[in-house]
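Being a predicted model, the structure only gives us computed values, none of them experimental.
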Amino acid sequence: SGYSPRGVPDWTYHPLFKPLLFRLAPEPARALTLRLLALQASTAAGRRLFRAFCPRPPVVDHAVTVFGLRFPGPVGLGPGIDTRAEALSVLQHLGFGYLSLGPAGAEPRRRRFATDPLRFPAQQALVSTPLAASPAARELDRRIARTPDLAVPVALALSGEGLDEALRAAKEAAYITLPSSVVEQGPTRLTELRTLTRKPLLLRLSPGD
């Protein structure tokens, strides 16, 4: 049978939190949501309470093992959501088989309103950019190491300048994803990056690539 994680009960989100969050611009709404999740993730009691209201974890039959890593399920959280690695220990209980951080580069990126995500209500979608604000890759990696009770693989999505430095800093991430633009940097670029880490490396490809 196909994989279909059950959603978290929406008796609070749809009638209460969604109307409030949609009064905010996308980036402040995302940041507020993650701050609240981070607050709950900061204590063992908060993490247990969050897990009690979450869907059951994926069944064993849905586990996937690829490039030497075991994923509890095939559906995960992509980059651009928990950009600061604030709430990994609770987000993992939403039925995800993996979590992705970033996109991040060798240096932190300050927030600029021109690169904030955009909301398209009719499509129920957000559009983000790899130039959005984020900590440096080394800081995200430290936060992965400090995350308690982490039970799913965590990926680090790299982008921007200084990929070599960012790649060397990714010690705790289970695997690393690279922008498709690296293939435009010459036939040896991927080989050069491969020599900098023993972590699995994946290319992020858009539908048009």
Side-chain angles (χ1 to χ4, degrees), residues 27 30-31 34-35 37-38 41-42 63-94 96-112 115 117 128-206 209:
E27 180 58 17
R30 185 201 62 80
L34 269 295
R35 294 292 189 277
L37 289 174
S42 64
V64 178
T65 299
V66 290
F67 43 84
L69 296 175
R70 184 183 185 277
F71 298 81
V75 177
L77 183 70
I81 304 299
D82 191 1
T83 57
R84 303 182 62 83
E86 297 174 287
L88 298 178
S89 58
V90 292
L91 287 173
Q92 66 178 339
H93 298 308
L94 295 178
F96 294 126
Y98 61 90
L99 305 171
S100 300
L101 300 177
E107 299 298 328
R109 283 193 290 264
R110 298 180 62 182
R111 181 188 176 191
R112 295 186 299 164
T115 59
S128 62
T129 168
L131 299 177
S134 73
R138 59 183 175 274
E139 176 58 26
L140 288 177
D141 206 65
R142 285 195 289 264
R143 294 181 186 185
I144 295 173
R146 296 197 300 262
T147 299
D149 309 320
L150 195 56
V152 301
V154 176
L156 184 53
L158 300 183
S159 68
E161 302 294 329
L163 281 181
D164 298 60
E165 180 183 346
L167 195 54
R168 292 190 189 97
K171 307 293 186 183
E172 301 295 331
Y175 64 101
I176 299 157
T177 69
L178 302 171
S180 60
S181 59
V182 298
V183 300
E184 301 170 3
Q185 299 173 21
T188 63
R189 182 56 173 150
L190 279 177
T191 302
E192 293 170 354
L193 293 173
R194 175 71 278 174
T195 64
L196 300 179
T197 181
R198 299 182 67 180
K199 302 282 185 181
L201 292 180
L202 282 73
L203 280 177
R204 300 191 303 275
L205 300 177
S206 66
D209 289 335

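- Between the Asp141 side chain and the Ala173 main chain, a donor and an acceptor come within less than 3.5 Å of each other.
- In terms of heavy-atom proximity, Leu158 sits nearest to Ala137 at CD2-CB, 3.9 Å.
- For Ser42, the side-chain contact (heavy atoms from CB on, under 4.5 Å) partners two or more places apart in sequence, or in a different chain, are Leu39.
- How far CG of Leu150 is from CG of Leu91: 10.5 Å, rounded to the nearest 0.5 Å.
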Could you list the donor-acceptor pairs under 3.5 angstrom formed between side-chain atoms of residues 76-88 and any protein atom two or more places apart in sequence or on another chain?
from  : atom 1 : to    : atom 2 : distance (Å)
Asp82 : OD1    : Ala85 : N      : 3.2
Asp82 : OD1    : Glu86 : N      : 2.8
Asp82 : OD2    : Glu86 : N      : 3.2
Asp82 : OD2    : Ala87 : N      : 2.9
Thr83 : OG1    : Arg30 : NH1    : 3.3
Thr83 : OG1    : Arg30 : NH2    : 3.4
Glu86 : OE1    : Arg35 : NH1    : 2.9
Glu86 : OE2    : Arg35 : NH1    : 2.7

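- For the residue pair Ala104 and Ser134, the shortest heavy atom distance occurs at CA-OG, 3.8 Å.
- Checked against side-chain contact (heavy atoms from CB on, under 4.5 Å), Glu139 has the following partners two or more places apart in sequence or in another chain: Pro135, Arg142, Arg143, Arg146.
- Taking CG from Leu156 and CG from Leu99, the interatomic distance works out to 12.5 Å, rounded to the nearest 0.5 Å.
- Residues Pro72 and Pro153 meet the side-chain proximity criterion, which asks for heavy atoms closer than 4.5 Å.
- For Thr177, the side-chain hydrogen bond (donor to acceptor under 3.5 Å, both in side chains) criterion is met by Arg204, not counting sequence neighbours.
- Under the ring pair (Phe, Tyr, Trp, His ring centres under 6.0 Å) criterion, no residue pair touches residues 129-156, with sequence neighbours excluded.
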Let's go through Val152 and Phe71 carefully: what are the C-alpha distance in whole Å and the side-chain angles of both, what is the deciding distance for side chain to side chain contact (heavy atoms under 4.5 Å, CB included) to 0.1 Å, and is it a yes or a no? CA-CA 7 Å; Val152 301; Phe71 298 81; over 6 Å; no

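- Residue Leu205 comes nearest to Ser180 through the heavy atom pair CD2-CB, 3.7 Å, listed as atom of the first residue, atom of the second, then distance.
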Could you please spell out the steps behind the side chain to side chain contact (heavy atoms under 4.5 Å, CB included) verdict for Leu202 and Leu178? CA-CA 6 Å; Leu202 282 73; Leu178 302 171; over 6 Å; no

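- Between Leu190 atom CG and Leu201 atom CG the span is 8.0 Å, to the nearest 0.5 Å.
- Among all heavy-atom pairs drawn from Ala174 and Pro200, the shortest one is O-CD, 3.4 Å.
- Shown here are the side-chain contact (heavy atoms from CB on, under 4.5 Å) partners of Arg111, two or more places apart in sequence or in another chain: Glu27, Pro28, Phe113, Asp116, Ala133.
- In this structure, Pro179 and Leu203 approach most closely via the heavy-atom pair O-CD2, 3.6 Å.
- Scanning for side-chain contact (heavy atoms from CB on, under 4.5 Å) contacts around Ala169 gives Arg138, with sequence neighbours left out.
- Evaluation of the side chain to side chain donor-acceptor pair (under 3.5 Å) test over residues 160-175, restricted to residues two or more places apart or in two chains, returns Asp164-Arg189.
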